[in-house]
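Numbers here are sequence positions counted from 1.
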Amino acid sequence: MSWDFFVPVCVGDLVKTGGINQYVVQDVVSPKQLPSHLNSFKAALRSQGPLCILEHFDTGYTVLQHCHKVDMSVKEDTLELLIQVVSGLSVSLPSLLLNASLSAPDRKEQLNAVKMSVFLLCKLTEILESDSYRQSIVTAPSKGSKKGKAAGEGLLQWDSERETVLQALTQLLQLDIRSLWSLSLVDEEFISCVTCCCYKLLENPTISHVKNKPTRDAIIHLLGVQVKKYNHLLGASVKVIQLLQHFEQLSSVCAQAVSVWSTEYGVKAIVGEVMREIGQKSSEELAREGSGVKAFSSFLSELGTLVPDTMIPNISVLLTHLEGESPSMRVAVCEVLGEVLVRVLSGDGLDESGRADRDRFMDTLQEHLHDTHSYVRARVLQVYTRIVNSKALPLNRYSEVMGLAVGRLMDKSINVVKSAIQLLAAFIAHNPYSCKLSSADLKKPLEKETDRLRELRERLQENAPVAVIKASELWAAMEPELLLTVRAELEPTSEGEGEQQEREEDGAREEDDRATAIQIAQFLRVNKYRNAVRLCVRAHSLFPESEMFSSLTTLTPETLLDTLALLFKGPDQDTSEIREDLPSTPQKEGAGDGGKEGVEESELKKQEMLLQYLRDTESFALQVERAIAVINTMLYWKTTSVVQEAVQFCVTVCEFSVANSLTGVRKMLPLVWSTDAAIKDAVVQAYRRLYLNPQGDNTRSKAQTLVDSLSELMVDASLGTIQCLEEIVQEFFGGGSSLQSTVVQVLWERFTGKRETSSLHRRAAVLLLGMAARAEREVVLSNLDTLCSVALGEKLTEDFLLARDSVITICNITDHVRQCKGAPFRLPQDNQLFTCLTQAIAEGVVMADPHWQSFMEQAVRLLYFLSESPDQLCSRLLQRCSRLLLDQIAEGGEMLANKDVSQLPGASQDPEEQGEQVSCVSLAQLLSLCGCVAFWQVSHLERSVSSELRRRRGETEEREEKAKVPSRKAKQASNDSSVEEELGLMGASAEDTEAELIRKICETELLAEENLLCSFLPLLVRVCSSPGRYCHPQLTTAACLALSQYMMISPSVCEEHIRLLFTVLERSSLPVVRANAIIGLGDLTVRFPNILEPWTQNLYTRLSDENPAVRQTAVTVLTQLVLKDVLKVKGQVSEVAVLLIDPQTHIASLALNFFNELASKDNAIYNLLPDIISRLSDPERAMNEEDFHTIMKQLFSYITKERQTESLVEKLCQRFRTAKTERQWCDLAVSLSLLSMCERGLKRLQECWECYSDKLTETGVYQPLLSITAKLRRGAKPQLKVQVEEFEKRLTAVHTRGLENVESPEMEKTCPEGVGPSQNTTTHTPLPNKGRGGRPKRGQATPSVSSRQDDSFVTPKPTRKSSKKAVITFSSDDEEEEEDAVMAENETPKVTTPIARTSRRARLRH
């Protein structure tokens, strides 16, 4: 073979004249001739094998040239032939490549065959891929059509063929075909031909889909072969970057490819190359559109999860992006760092370099918890969550990261807050400290261990020896001076004098050699060298046989010095004989305590570690408690996802017994009533997880655990909490749980006392039984006798709380808590239950038990719910209680024993006769009973009796309807419509008749003279109208509440005593009386709105009461009345607005809730705002500017519509004309600045220029208006910016020079000639109209009732006509002769404003 095949850059280059020995296509046939040539190609392939491509290359090339003209079948046949050729070469080449004697012509022949077949196969694959993609786009809209189905089949066939092509190419290229080339240098064009085909396939938009995973894996492995064997590393890295820039969906595919190349093919350098390419991208380049920054960030994050260890050496090139402007890149780098920390730099086995890298990466992550972009902050928190869940966070960083996470709870971004909550939950779930985190429980152990550490330190300091210096060191220090002394002593001296001195000093010590040696050592220690030398010389003569002095036989300075050294230091070898003979040296004296000191030091270290652990645990627990306090407030956020995260967090902290965790669990309980299904489901699932899925070995233990958990939740729970818990417990008992019967059994055992338990848990058990009775009545009904005997029996008066809860439980079997059809469920009059209840109530009247009141209220309620004739029972009950009270008086000997019970109220009229004989507590309890009976009697008539009348009427009508069926069929054609109308009128008439009957009974019979309730009304009026005479707090409270309940009976009673009740509200010195009066008046407003309408201002006055409890009650009642449309919303709402800055946070939150709910009503706050501003800026109120701004900022946040803003601008500007003081001007200007101003608002502001222009010289007016222009300038269009700048210049000019000195362009146009602009531009605030002197200006607040003097309480009038103020006088202790407050008939308003009633006539609080 004399020619060589060169892979062309373009397909068309092969038909051009090539170089020497270069193959050129000679025969390009027409598309019609292709089938015959393909048949020849097939025959040659069968006969010659894969080398037939050398002769039939032109046929394949023709298909490429006419790819758009030939049929798909021709392309498919060609593709099949080329796959067979490539596969044949893969089979035949291995044996040839191993043959060392392969000739050059044969090698060239094989090489040309490989090039030709691979070239044709790759190019044809690219063509088919393009056709397939084009066909998928064209046929995409025609889903379901035959054409679409056919196209889908074609695409599916190509998907399978594509994988076959890739497998064939991979098999061929995996062989060592490099030896076919000269010097094993493979042509770059050949490699590019294969890789371009692969990259072309990767550009398919569906390549990342799951169905294309085999194709995707085949491409990655084919490219991996190219990278490993054919030097495609640099090309692959560049191509990956290009693909990421242009095809965002390929980020995960490219990450998978790079991971496979670095792990399976061992080309780890590809990771570094790609990271360097990305790291070199500048911030400006990434900021450009189409830069692929999202794909880069996704690629890095994905690659970090696949090969984090391979990325560590080159991670420094990515850190520069942390300072860049792209938040996506910052997130990607942080996620890579997180994966490295979790999977590589974790554990205790890190070397010093690894720990340094870990700390550096941790510091980087912590810095970006404060990133400027919320997306980065949220993702970094998620990275930390993964680190904590993987237990890869070092212990010494727990406290610091925990504190940062708690700080992120205050973030403005919802996503950041959610991520912070998730991180905190992970901290608690994976904390290394304890399964129970409570700072209160840790205080005692911490104090105990602190004391023990202090004791150990003190003991160690006491036992610590003085700094010991080795004997050898001491000897070396004293040796020079001792040598001089030895020499001096050995010189000849007066022997007589020396011996005499020695005898005087040492005669007493010459006992034995050991004692002498000890004495010599002691002399040396105290630096008495001369005495030591002399004694040593003398000892030799005294003890010549002693081994210690044997060396002194020859007395020289050297021998004497050696002997002294031996006596001072001891021998080199520590033998037992010498230890017995020689004295102890300083070194030996301290050696005995070494072991003991070592043990104590070890204990000290252990104690220090334990104490540090306890301190860290306490710090962690305190941070968790701090986080709980913040997250508990998020349970009522408007964002559903945040609420769900907060609920899950509360569950987590409760499972770990964190202090105050039960607070959050109880706080989220009302969310079971949420209208958001997701929130409600989250709360139900949370309680099911905490309380309704107990753990245990058997059913009994599970039931016991469940009851214990629910009982703990019930203990000290509020009424609202119990009502919410009913919803969840009812779901449990109604769901058919296998534990249901066992749980009921355990509850009865607790209640009856079979299992020893506390009174609190007994009450919780009976309440839980009541909740179960809501789902299944027989749970309580079948054991009603047990309830009566245990809780309502002889020992009832010992525990009124248990009796009260038992009564509440029994109420749950009545019809009032369930929807029942048919005859009502009631018990006979002589039932034991009613006997027990009436006896307990009567006995309790003369007792001073503080819990009798709550028991009595529930018991009377049960009597009316369950008894057949509750009015008779209660009548006998009142008589019995009255007799008991009379008997109590008679026992004092101050009243006749035979006093008729009906005269009891009159017996209290003479204070001198029996003012001190009646127990105020007993009288108060009797009045409370009267009020309660009156209230429930009305409720019984309007609910039970009325519904029973309707039921009976319905049954009667149903029987009549059945009787009229035959006759109706005969007349149906003629009078069908008239009959229906008649029936409708008859039904309405019947209902009116029933309602009128009930009203008549309430009006005429309930308080008739023969009715016992009537006898107590004068006493109630007397007690309420004479606070000076009846000053007992409990008596006054009970009388006020009972009076309001009596007033519910009929309009006449209400009208007669309404002034008295408002007088009590205004004048009473007891906060509880005022609060109860507000509640009673709220109920009366619902029931008789027309009567109460003129008194509305008096209700609003209580919003400024000095007592927080009264203010809280007032705002709660008014919120209900306003939101339920019982009260008309007027300017008095400004009093509620003032509560937004109340010092009591719970009152401020109630006020905020009021406006949040009011904002949901159309235009409600918008309509009220001008009046609120006028009232709050009234000089007589003298409100602080800062408080005014705070209130207005909140109120203006509800104005979101552009039209409302525009209208408010005009209204507020007009109010400048009527404002009188500078403070009012400033308040109006501030209000304008708080509006979300728009272009139309600015236009309206300019149109109203004359209203405020003369006030602009005041800084308090100018600055807020100037801030409006600053807000408008942000992001404004050029045209609007010009208008804003002109308006700003105009404002500034008037402010600096005055209105009269500024020429207005608009006015110059309208000024007549000869008239200066200064003469027309000055505007003045108009004077008030003198013709309206009798009416208050709009914006002037009328004096509140609370600001009047005691002698000026005025009954409010429904009209604007002024009337003379009437004086109301109270009786007091000094004026015993006066009886009641003076209430003239002409003071009560007669003309009332009717209020529309939206419900049935009888409104009543239930």
Novice: Evaluate Leu1061 against Cys1040 for side-chain contact (heavy atoms from CB on, under 4.5 Å), listing each step before the verdict.
Specialist: CA-CA 7 Å; Leu1061 192 57; Cys1040 173; 4.0 Å; yes

Novice: Please name the pair of heavy atoms, one in Lys667 and one in Pro670, separated by the smallest distance, quoted to 0.1 Å.
Specialist: O-CD, 3.1 Å

Novice: Would you check if Val1117 and Leu1081 make a side-chain contact, meaning some heavy-atom pair closer than 4.5 Å?
Specialist: no

Novice: Just verifying a value: how many Å separate Ser1044 OG and Leu1065 CG, rounded to the nearest 0.5 Å?
Specialist: 11.5 Å

Novice: Just to verify, which of Val945, Asp871, Leu863 counts as forming a side-chain contact (heavy atoms from CB on, under 4.5 Å) with His940?
Specialist: Val945

Novice: With side-chain contact (heavy atoms from CB on, under 4.5 Å) as the test, would you mind laying out the steps for Arg804 and Glu857 before giving the verdict?
Specialist: CA-CA 9 Å; Arg804 179 200 65 187; Glu857 292 173 356; over 6 Å; no

Novice: Within the side chain of Asp799, is there an N or O that forms a donor-acceptor pair under 3.5 Å with the backbone of Leu802?
Specialist: yes

Novice: Can you name the closest pair of heavy atoms from Gln829 and Ser867 and give their distance?
Specialist: OE1-OG, 3.2 Å

Novice: Can you measure from CG (Leu949) to CG (Leu997) and round to the nearest 0.5 angstrom?
Specialist: 6.5 Å

Novice: Does the side chain to side chain donor-acceptor pair (under 3.5 Å) test come out yes or no for Arg861 and Gln858, once each step is laid out?
Specialist: CA-CA 5 Å; Arg861 172 172 172 257; Gln858 295 297 332; 3.0 Å; yes

Novice: Just wondering, do Arg1067 and Pro1027 contact through their side chains at under 4.5 Å, heavy atoms?
Specialist: no

Novice: How many angstroms lie between atom CZ of Phe1062 and atom CG of Leu1084, to the nearest 0.5 angstrom?
Specialist: 8.5 Å

Novice: Report the distance from atom OG of Ser711 to atom CG of Leu747, rounding to the nearest 0.5 Å.
Specialist: 7.0 Å

Novice: Looking at every non-hydrogen atom in both residues, tell me the closest pair between Asn1107 and Ala1109 and how far apart they are.
Specialist: OD1-N, 2.9 Å

Novice: With a 4.5 Å limit on heavy-atom distance, are the side chains of Met771 and Gln723 in contact?
Specialist: no

Novice: Taking the side chain as every heavy atom from C-beta outward, state whether Leu877 and Phe834 have any pair of such atoms under 4.5 Å apart.
Specialist: no

Novice: Under 4.5 Å between any side-chain heavy atoms of Phe855 and Ile841, yes or no?
Specialist: yes

Novice: Between the side chain of Arg1074 and the main-chain N/O of Ser1068, is any donor-acceptor distance below 3.5 Å?
Specialist: yes

Novice: For Ala1038 versus Ala924, what's the shortest heavy-atom pair and its separation?
Specialist: CB-O, 3.3 Å

Novice: If you round to the nearest 0.5 Å, how far is CD of Glu868 from CG of Asn831?
Specialist: 10.0 Å

Novice: Ignoring hydrogens and geometry beyond distance, is a side-chain donor-acceptor pair present between Ser875 and Arg880 at under 3.5 Å?
Specialist: no

Novice: Can you see whether Phe825 has Arg777 sitting over its ring - NZ or CZ less than 6.0 Å from the centre and within 45° of the normal?
Specialist: yes

Novice: Any chance you could lay out the side-chain contact (heavy atoms from CB on, under 4.5 Å) test for Thr1085 and Leu1099, step after step, and finish with the verdict?
Specialist: CA-CA 10 Å; Thr1085 303; Leu1099 284 176; 4.1 Å; yes

Novice: I'd like to know if the side chain of Trp852 and the backbone of Met847 have a donor-acceptor N/O pair within less than 3.5 Å.
Specialist: no

Novice: Are the side chain of Arg774 and the backbone of Asn812 linked by a donor-acceptor contact shorter than 3.5 Å?
Specialist: no

Novice: Does one side chain, of Ser758 or His761, offer a donor that lies under 3.5 Å from an acceptor on the other?
Specialist: yes

Novice: Please state whether the rings of Trp936 and Phe865 are parallel, tilted or perpendicular, taking 30° and 60° as the class boundaries.
Specialist: perpendicular

Novice: Supply the atom-to-atom distance Leu827 CG to Thr814 OG1, rounded to the nearest 0.5 angstrom.
Specialist: 10.0 Å

Novice: What I'd like to find out is whether the side chain of Leu1150 reaches to under 4.5 Å of the side chain of Gln1112, using heavy atoms alone.
Specialist: yes

Novice: How close do Leu1013 and Cys930 get, counting heavy atoms only, and between which atoms?
Specialist: CD2-O, 3.9 Å

Novice: Does any part of the side chain of Tyr691, heavy atoms only, come nearer than 4.5 Å to the side chain of Val665, both counted from C-beta?
Specialist: yes

Novice: Are more than 12 heavy atoms, taken from residues, nucleotides or ligands other than Arg952, located less than 6.0 Å from that residue's CZ atom?
Specialist: no

Novice: Do Leu1017 and Leu1043 make a side-chain contact, defined as non-hydrogen atoms from C-beta onward lying under 4.5 Å apart?
Specialist: yes

Novice: Using only atom types and a distance under 3.5 Å, with no angle test, would you say the side chain of Thr809 pairs donor to acceptor with the backbone of Val780?
Specialist: no

Novice: Begin with the C-alpha distance, continue with both residues' side-chain angles, and end with the deciding distance and a verdict on side-chain contact (heavy atoms from CB on, under 4.5 Å) for Val790 and Arg762.
Specialist: CA-CA 11 Å; Val790 174; Arg762 288 185 68 191; 3.3 Å; yes

Novice: So, the side chain of Gln925 versus the backbone of Gly844: is there a donor-acceptor pair under 3.5 Å, distance only?
Specialist: yes

Novice: Looking only at atom types and distance, does a side-chain atom of Gln1045 sit under 3.5 Å from a main-chain N or O of Phe935, one as donor and one as acceptor?
Specialist: no

Novice: Testing the basics here: between Asp805 and Arg763, what is the closest heavy-atom pair and its distance to 0.1 Å?
Specialist: OD2-NE, 3.0 Å

